[in-house]
Amino acid sequence: MPKVLFVYWGRRGSLSWIALEIARHLHDRRDIVGSLSFSTENELASDLTALAPTTMAFPTFGWGFGAFTGLLRLRRQTAELIERLRRENYQAVIVLMSHVWTPWLGRRLRRERIRYVVVAHDASRHPGDRTGLVQNWLHRDLGSADLIVTLSRSVADRLATERGISPTRIRTVPHPALDYGGGRTIRRRVAGPLRVLFLGRIMAYKGLDLLMAAVRSLKQRGTEIELGVFGEGDIERQQLDLAALGAEIVNRWIGHGEIGAILDRYDVLVLPYVEASQSGVAAAAQGAGMPIVATPVGGLSEQIRDEVDGLIAGQATAQSIADCLDRLATEPDLYQRLAANAGQDAGSIDVAGFAETLRRLAVAGLDHGKP
């Protein structure tokens with residue numbers, strides 16, 4: 001069986017959890033020949049280190065200028081990693097998310113008989129996301145890739161039309177559901193207010209203002225509803241309005257160990273986005289069997305099945321979001337049907353299935369090197 005290296009050199013976020021779950025999958029399945037390279041700066045580094053030799057630590061950097069000051073070290077480390085891949089007969093490398101250093105790895109691997117696969121999460125940077133300023137540099141990884149994997153058809157189409165990438169080089173694999181504890185269960189909504197959750201980094205494109213307006217409208221109609229806002233980001237402008245709505249606010253980075261309990265306390269996740277590729281937060285809700293209300297932007301309507309495990313708003317407006325939430329608050333049978341389907345979620349794959357699909361795509365046609 002061809003040997004595969006998964007790579008994730010980021011520091012935090014849902015991809016850290018996915019990387020850990022992939023490493024556990026590789027560690028537990030002795031018949032799978034593969035390992036995972038992770039950053040020493042990763043928030044789950046101790047858990048990943050404990051899975052050695054299935055995992056390989058790769059020193060990166062913490063913040064800012066470390067990306068540049070570490071370049072001399074990167075050259076040596078990359079050479080050492082590639083030498084190890086040669087020595088241990090790896091035949092494919094799968095980058096789970098491009099890092100500012102992976103384009104150098106991709107360029108080096110073009111000289112080797114090692115296939116290079118890159119998972120592209122976005123076609124362009126999200127509005128207002130300063131971390132996306134390096135997007136053009138990260139997309140250099142795609143030029144080195146033998147195969148590009150997207151998590152939604154929306155991103156695949158945009159890569160083809162906006163960046164001129166041949167569709168023959170692109171495959172789409174759905175974002176896996178993420179289990180942050182407890183697994184998928186069928187939820188039962190208790191009597192009382194509909195408990196509505198906004199979770200994740202707070203940035204303009206994620207539409208918190210739309211959700212706040214929707215909740216305000218529902219309260220004015222007399223609908224019982226409670227709002228929770230959990231995530232890191234600037235909410236100074238919304239602080240007073242959130243307080244007026246009686247929202248529960250936890251305005252900081254939310255650790256992996258907290259997510260499961262937060263999801264358990266709320267009835268529905270809302271993604272009021274005005275722009276999107278796909279959503280790791282949605283994947284966490286799906287892993288917890290939680291219905292989702294989302295706007296019809298990007299790949300969200302691919303990830304959430306309208307009227308099956310969630311509701312897709314007619315438009316990315318406060319009124320359309322409010323209409324969906326009102327249905328969930330006033331139609332108990334609808335909520336229970338969506339919750340039952342979200343708990344079973346026959347349409348999605350777990351992280352182990354995601355890893356296996358990536359591995360099969362990476363090694364397709366390989367015997368002794370690139371086809």
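Basis for what follows: all heavy atoms, side chains included, without hydrogens, waters or symmetry-related copies.
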Does the Q303 side chain pair with the main chain of P174, one donor and one acceptor, at a distance under 3.5 Å? no
Taking all heavy atoms of L311 and all of D306, pick out the closest pair and write down the distance. CA-OD1, 3.5 Å
Are R12 and H256 close enough that some pair of their side-chain heavy atoms sits under 4.5 Å apart? no
Do S46 and T49 have a side chain donor and acceptor closer than 3.5 Å? no
Answer yes if the side chains of E232 and N251 hold a donor-acceptor pair under 3.5 Å, and no otherwise. no
Examine Y180 together with W17 and report whether their ring centres are nearer than 6.0 Å. yes
Main chain of K219, side chain of T223: is a donor-acceptor contact present, judged purely on distance under 3.5 Å? no
What I want to check is whether the side chains of D141 and Y116 have a donor and an acceptor closer together than 3.5 Å. yes
Under the 3.5 angstrom rule, does the side chain of Q278 hit a backbone N or O of H121 as a donor-acceptor pair? yes
Does the structure place the NZ or CZ of R75 under 6.0 Å from the centre of the six-membered ring of W104, at an angle of no more than 45° from the ring's axis? no
Indicate if W253 and L199 have the same hydrophobic cluster label, given that clusters are the connected sets of ILVMFWY residues with side-chain heavy-atom separations under 4.5 angstrom. no
Donor-acceptor pair, distance only, cut-off 3.5 Å: does the side chain of R171 make one with the backbone of T168? yes
Residue pair T60 / W101, side-chain donor-acceptor N/O under 3.5 Å: no
Would you check, one step at a time, whether the test salt bridge (Lys or Arg N to Asp or Glu O under 4.0 Å) holds for R24 with D350? CA-CA 13 Å; R24 286 171 173 161; D350 60 13; over 6 Å; no
Tell me if a side-chain donor or acceptor on E258 pairs with a main-chain N or O of G255 at a distance below 3.5 Å. yes
Please round to the nearest 0.5 Å and tell me the distance separating atom CZ of R86 and atom CG of L81. 10.5 Å
Taking every heavy atom of L36 against every heavy atom of A19, the minimum-distance pair comes out as CD1-O, 3.5 Å
Check the side chains of S154 and S152 for a donor-acceptor pair under 3.5 angstrom, ignoring hydrogens and angles. no
Below 6.0 angstrom between ring centroids: does that apply to F61 and H99? yes
For the residue pair Y90 and E112, confirm or rule out a side-chain donor-acceptor distance under 3.5 Å. no
Hydrophobic cluster identity match, V308 and L334, side-chain contacts under 4.5 Å: no
Under a 3.5 Å cutoff, is there a donor and acceptor pairing between the side chains of Q286 and H175? no
On a heavy-atom basis, which atom in G228 and which in Y266 lie closest, and how many Å separate them? CA-OH, 3.3 Å
Pairing donors with acceptors under 3.5 angstrom, does anything connect the side chains of T150 and T172? yes
Answer yes or no: is there a donor N or O on one side and an acceptor on the other, between the side chain of T54 and the main chain of S35, under 3.5 Å? no
Tell me whether R158 contacts the main-chain N or O of R163 through its side chain, where contact means a donor paired with an acceptor under 3.5 Å. no
What verdict does the side chain to side chain donor-acceptor pair (under 3.5 Å) test give for W9 and T102, after you've listed the backbone C-alpha separation in whole Å, the side-chain angles of each residue and the deciding distance to 0.1 Å? CA-CA 8 Å; W9 290 346; T102 53; over 6 Å; no
Using the rule given for side-chain contact (heavy atoms from CB on, under 4.5 Å), can you reason through D209 versus Q238, listing the C-alpha separation, both sets of side-chain angles and the distance that settles it, and then say yes or no? CA-CA 8 Å; D209 287 341; Q238 296 107 327; 3.2 Å; yes
